[in-house]
**Student:** 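Structure provided below as structure tokens; questions to follow.
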There are 2 protein chains.
Amino acid sequence: MNANVRVPQFAGQECDTSNWDAGNCPVRDVINQISGKWSTLLLQALAQRPYRFGELRRLVPDISQRMLTQTLRELQRDGYIDREVFPTKPPSVEYRMTDLGRSLFLPLSQVLSWAEDNHGAIKAARVRFDASA
Amino acid sequence: MNANVRVPQFAGQECDTSNWDAGNCPVRDVINQISGKWSTLLLQALAQRPYRFGELRRLVPDISQRMLTQTLRELQRDGYIDREVFPTKPPSVEYRMTDLGRSLFLPLSQVLSWAEDNHGAIKAARVRFDASA
DNA sequence: ATTTGTTGCTCTCAAAAAGAGACTAGGGCT
DNA sequence: AGCCCTAGTCTCTTTTTGAGAGCAACAAAT
């Protein structure tokens, strides 16, 4: 079962349902990285302008150094951002978005805009749900 | 420091950087939910057509029952999907997307398309990164 | 001269989240 | 009677995340 069944996908696309297990599925491979708790936030910041490590830390007050380092490494590994070390004393490190990162941020920013526009509707839905449950 | 500084945001928008801590920030409030490991995947499935619990389980082979239940509840709570119980024996439950969910899926599907289109570039970036590190 | 602060991390330990799998209930099928 | 189906919940283990200390090398303040 579940073998090579092609089902209609979002607007005019198809998707092989047998590919929905991780490893085969490109969408899952990509999304799993950028769907980290801090990834979109950092991409949003670095879409504005390059930032240094400490600046990002101050910009996102409730991220731990550990997660900031780790998330930046992952974004760098996937090619969304570049890391440049300046031999100052103490050495400073600058993170900046790559072309690939910017091309991702085009559709991604649409989702962020949607989130801003529909935040009210979502909060209302939560209130309804919590009242009925 | 960091008080009420308005910095340019993605394409023609502004964002109050003092609002980047969780709770204040609408974007983080919304994104943190849909950026769960399984959320986008389930939204993608339910954007096609309604599905029953067991169908989703078979469609996404490596999700645990626990996480399937939990993720569906969260999506339902935020108003993206509806849950309907049919009094058959054994009882069956159908999940279907709401209008709010569909309106979210419009921009979201653009990101998914991007992921599919750029999977190759990302895999290549990973290889480069792993080779240099 | 000693203390303090700055940089961008890494390391350890505790807490939270996720995954694996057993168990439930009420009926249908053999 | 025994087994399977449904959509879960409950418990236990493993993974992920968070909080915070430590580090190395130098500058500025005291």
Side-chain angles (χ1 to χ4, degrees), chain A residues 1-2 20-23 25 28-29 31-42 45-46 50-78 81-96 129 132-133, chain B residues 1-2 20-23 28 31-42 45-46 50-78 81-96 129 132-133:
Chain A
M1 82 284 288
N2 197 25
W20 280 36
D21 40 294
C25 182
R28 288 186 60 173
D29 189 32
I31 296 297
N32 274 350
Q33 281 302 331
I34 64 173
S35 76
K37 183 173 179 180
W38 307 105
S39 305
T40 42
L41 208 58
L42 295 177
L46 293 170
Y51 276 97
R52 291 181 38 199
F53 186 88
E55 286 180 310
L56 289 171
R57 214 165 100 70
R58 284 185 289 275
L59 192 62
V60 185
D62 56 344
I63 194 173
S64 65
Q65 293 195 355
R66 190 180 156 284
M67 286 314 292
L68 181 53
T69 303
Q70 190 176 316
T71 307
L72 288 170
R73 285 289 144 75
E74 287 168 1
L75 294 177
Q76 186 195 357
R77 188 171 107 100
D78 280 15
I81 63 176
D82 269 338
R83 177 178 183 271
E84 191 177 359
V85 182
F86 296 97
T88 56
K89 304 160 190 175
S92 61
V93 179
E94 193 177 83
Y95 295 92
R96 65 171 67 239
F129 181 89
S132 67
Chain B
M1 80 288 284
N2 196 24
W20 279 37
D21 40 295
R28 289 186 59 174
I31 295 297
N32 273 350
Q33 280 303 330
I34 64 172
S35 76
K37 182 172 179 184
W38 307 106
S39 304
T40 42
L41 208 58
L42 293 178
L46 293 170
Y51 275 98
R52 291 182 37 200
F53 186 88
E55 285 180 311
L56 288 170
R57 213 164 101 72
R58 284 185 288 275
L59 192 62
V60 185
D62 56 344
I63 193 173
S64 65
Q65 294 194 349
R66 189 180 157 283
M67 288 313 292
L68 181 53
T69 303
Q70 195 176 104
T71 307
L72 288 171
R73 285 288 142 78
E74 287 168 2
L75 294 177
Q76 186 195 356
R77 188 172 108 98
D78 281 13
I81 62 175
D82 269 337
R83 177 178 183 272
E84 192 177 358
V85 183
F86 296 98
T88 55
K89 303 161 191 173
S92 61
V93 179
E94 194 178 83
Y95 295 91
R96 65 173 66 238
F129 180 90
S132 67

**Student:** For residues B:I81 and B:L72, report the shortest heavy-atom separation together with the two atoms involved.
**Tutor:**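 So the minimum-distance heavy-atom pair works out to CD1-O, 3.5 Å.
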
**Student:** Just to be sure I understand the rule, does B:F86 reach a base, reach only the sugar-phosphate, or reach nothing, if contact means heavy atoms closer than 4.0 Å?
**Tutor:**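 Contact class for B:F86: none.
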
**Student:** Who are the salt bridge (Lys or Arg N to Asp or Glu O under 4.0 Å) partners of B:R73, not counting sequence neighbours?
**Tutor:**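 Partners of B:R73 under the salt bridge (Lys or Arg N to Asp or Glu O under 4.0 Å) test: none.
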
**Student:** Which heavy-atom pair separates A:N32 from A:S35 by the least distance, and what is that distance?
**Tutor:**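 Shortest heavy-atom contact: O-OG, 3.5 Å.
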
**Student:** Run the salt bridge (Lys or Arg N to Asp or Glu O under 4.0 Å) test against B:E84 and tell me which residues pass, sequence neighbours left out.
**Tutor:**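 B:E84 satisfies salt bridge (Lys or Arg N to Asp or Glu O under 4.0 Å) with no residue once adjacent residues are dropped.
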
**Student:** With nearest nucleotide decided by heavy atoms, which residue, A:G36 or B:F53, maps closer to the 5′ end of DNA chain D?
**Tutor:**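 First, find each residue's nearest nucleotide; the 5'-ward one identifies B:F53.
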
**Student:** If you take any heavy atom closer than 4.0 Å to DNA chain D, which residues from residues 63-75 of chain B end up in contact?
**Tutor:**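 Contacts with DNA chain D under 4.0 Å: B:Q65, B:R66, B:T69, B:R73.
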
**Student:** Taking 4.0 angstrom as the limit, do B:R57 and B:D62 come out as a salt bridge?
**Tutor:**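 Between B:D62 and B:R57 there is no salt bridge, as every charged N stays at least 4.0 Å from the carboxylate O atoms.
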
**Student:** Counting only side-chain N and O atoms of B:Y51, is one of them less than 4.0 Å from OP1 or OP2 of D:dA7?
**Tutor:**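 False: B:Y51 side-chain N/O out of range (4.0 Å or more) of D:dA7 OP1/OP2.
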
**Student:** Closer than 4.0 Å, any side-chain N/O of A:R52 to the OP1 or OP2 of C:dT6?
**Tutor:**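 No, A:R52 has no side-chain N/O under 4.0 Å of OP1/OP2 on C:dT6.
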
**Student:** Does A:W38 have a side-chain nitrogen or oxygen under 4.0 Å from the phosphate oxygens OP1 or OP2 of D:dT16?
**Tutor:**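 Answer no for this pair, as no side-chain N or O of A:W38 is under 4.0 Å from OP1 or OP2.
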
**Student:** Starting at CZ of A:R57 and ending at P of C:dT6, how long is that distance when rounded to a whole Å?
**Tutor:**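 Rounded to the whole Å, the gap is 11 Å.
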
**Student:** How close do B:P50 and B:E55 get, heavy atom to heavy atom, and via which atoms?
**Tutor:**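 That closest heavy-atom pairing would be O-OE1, 4.5 Å.
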
**Student:** B:K37 side chain N/O closer than 4.0 Å to the phosphate oxygens (OP1, OP2) of D:dT16?
**Tutor:**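 It does not, given that no N or O in the side chain of B:K37 lies less than 4.0 Å from OP1 or OP2 of D:dT16.
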
